[in-house]
Engineer: 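This is the structure, below, for whatever I ask next.
Along the sequence shown, residues carry numbers from 1. The model shown is predicted, which means the values in this text are computed figures rather than measured ones.
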Amino acid sequence: MGYLTGKTAIITGAGRAVLSNGACGSIGYGIATAYAKEGANLVITGRNLKKLEEAKEELERLYNTNVLILQADVNAGADNEAVVANVVSKTIEKFGRIDVLINNAQASASGVTLAEHTTEQFNLALYSGLYAAFYYMKACYPYLKETKGTVINFASGAGLFGNFGQCSYAAAKEGIRGLTRVAANEWAKDGITANVICPLAWTAQLEQFKNAYPDAFEKNVHIPPAGHFGDVELEIGRVCVQLASPDFKYLTGETLTLEGGLGLRP
């Protein structure tokens, strides 16, 4: 039995992505893999159905876990409360409970300066990241209260350090960080822990950012003190396992911020 056997986790943005060398290149999929190895039931969402289907096939084949895939896209033109409500209702219908909510999904127009940013580009980041976290947290709250569950949100060093060419991304991530702190305070009485992670992992998205905007990449993306970028499963995914484990919830307070990928800053 694993640490998360019998528990159900919703992971947004968990479609399978691959690096140019063929390795896993998605934080969401790395987390899903770590959770599958610990026996969790998984609900994975994303915009790209093909990537979700590929993730489901591999996770179920390799780790004998149960995976529900749901295409979901929180955006400026959608009925987002209905989109998220459908994910939550289908989760309860299949698994009967929600123990962990991981808000990982995020899209943005990175590399575009603040002065050149359009309203549409700004909304892309805010809706896919900040609004999505807000809607999912609200919808999952009653079920997390029942299970004394865990919320794990993803912010970024882009907001902490004001990265060049990432104004909408940074704004969304700083909003998520503030939202998480409020939830940690308000929901502590319900036995729900809320944590935010600011990772620096080597992903397909980061690889694409480097190729498309080499100057912005050089200015903003630096190898962490540990000397390498985080591994999406073995480091980022395992942190998410720890944050949801019963022993960790018992030993820690209500909020913990993990920043800088592998190097952790208070």
Side-chain angles (χ1 to χ4, degrees), residues 1-16 26-46 52 55-70 72 84-105 132-133 135-154 180 183-184 187-197 199 232-256 258:
M1 290 182 63
Y3 285 113
L4 303 176
T5 298
K7 295 184 181 296
T8 298
I10 296 175
I11 307 172
T12 70
R16 187 176 183 274
S26 161
I27 288 178
Y29 187 66
I31 297 168
T33 300
Y35 269 53
K37 289 182 176 180
E38 295 296 341
N41 298 315
L42 299 176
V43 179
I44 58 175
T45 76
L52 292 173
K56 174 181 170 68
E57 188 281 326
E58 190 166 280
L59 289 168
E60 291 187 335
R61 174 171 49 84
L62 295 178
Y63 309 113
N64 193 33
T65 191
N66 295 310
V67 181
L68 172 64
I69 61 172
L70 293 167
V84 172
N86 179 64
V87 172
V88 172
S89 65
K90 291 291 177 58
T91 299
I92 296 301
E93 181 182 321
K94 182 170 180 63
F95 296 119
R97 60 187 293 151
I98 299 171
D99 299 271
V100 187
L101 167 65
I102 301 178
N103 286 303
N104 164 72
Y135 288 125
Y136 273 102
M137 289 168 72
K138 281 190 64 178
C140 289
Y141 169 72
Y143 305 102
L144 293 169
K145 185 176 179 179
E146 288 179 1
T147 60
K148 299 191 183 302
T150 300
V151 176
I152 303 172
N153 290 336
F154 277 77
T180 309
W187 295 354
K189 67 181 185 303
D190 301 313
I192 301 171
T193 58
N195 298 281
V196 61
I197 301 175
V232 293
E233 179 205 340
L234 299 179
E235 288 159 330
I236 310 305
R238 294 306 304 176
V239 166
C240 290
V241 168
Q242 183 181 17
L243 291 175
S245 70
D247 289 343
F248 184 85
K249 287 171 66 67
Y250 176 77
L251 290 172
T252 65
E254 290 78 29
T255 183
L256 176 71
L258 306 179

Engineer: What's the verdict on side-chain contact (heavy atoms from CB on, under 4.5 Å) for Thr180 and Asn195, showing C-alpha distance, side-chain angles and the deciding distance?
Structural biologist: CA-CA 7 Å; Thr180 309; Asn195 298 281; 5.6 Å; no
Engineer: Taking Ser26 for the side chain and Gly15 for the main chain, is one N or O donor matched with an acceptor at less than 3.5 Å?
Structural biologist: yes
Engineer: Is there a side-chain contact between Ile44 and Tyr35, using heavy atoms and a 4.5 Å cut-off?
Structural biologist: no
Engineer: For Arg97, does its backbone N or O pair with a side-chain atom of Glu146 as donor and acceptor, under 3.5 Å?
Structural biologist: no
Engineer: Locate the shortest heavy-atom distance separating Thr65 from Ala36; write the atom from each residue and the value.
Structural biologist: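 Reported closest heavy-atom pair: CG2-CB, 3.9 Å.
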Engineer: Should Phe154 and Ile236 be marked as a side-chain contact (heavy atoms from CB on, under 4.5 Å) after you check the CA-CA gap, both sets of side-chain angles, and the distance that decides it?
Structural biologist: CA-CA 11 Å; Phe154 277 77; Ile236 310 305; 3.8 Å; yes
Engineer: Would you give the length of the straight line joining atom CG of Leu144 to atom CG of Leu101, rounded to the nearest 0.5 angstrom?
Structural biologist: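 Leu144 CG to Leu101 CG: 6.0 Å, rounded to 0.5 Å.
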Engineer: Output yes when a side-chain donor or acceptor of Asp99 lies under 3.5 Å from a complementary backbone atom of Ala9, and no otherwise.
Structural biologist: no
Engineer: Could you check Leu243 against Thr193 for side-chain contact (heavy atoms from CB on, under 4.5 Å), going step by step and ending with a plain yes or no?
Structural biologist: CA-CA 9 Å; Leu243 291 175; Thr193 58; over 6 Å; no
Engineer: With sequence neighbours excluded, tell me which residues meet side-chain hydrogen bond (donor to acceptor under 3.5 Å, both in side chains) with Asn104.
Structural biologist: none
Engineer: In chain order, what residues pass the side-chain hydrogen bond (donor to acceptor under 3.5 Å, both in side chains) check against Tyr141, with sequence neighbours excluded?
Structural biologist: Asp190
Engineer: Does any N or O in the side chain of Tyr29 come within less than 3.5 Å of the main-chain N or O of Val232, such that one atom is a donor and the other an acceptor?
Structural biologist: no
Engineer: Can you check whether Tyr3's main-chain N or O pairs, donor with acceptor, with Glu38's side chain at less than 3.5 Å?
Structural biologist: yes
Engineer: Looking at Phe95 and Leu42, what are the two nearest heavy atoms and their distance?
Structural biologist: CE1-O, 3.8 Å
Engineer: Could you state the interatomic distance from OG1 (Thr45) to CG (Asn103), rounded to the nearest 0.5 Å?
Structural biologist: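 These two atoms lie 8.5 Å from each other.
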Engineer: Would you name the heavy atoms of Met137 and Ala183 that are closest together and state the gap between them?
Structural biologist: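 Heavy-atom minimum between the residues: CE-CB, 3.4 Å.
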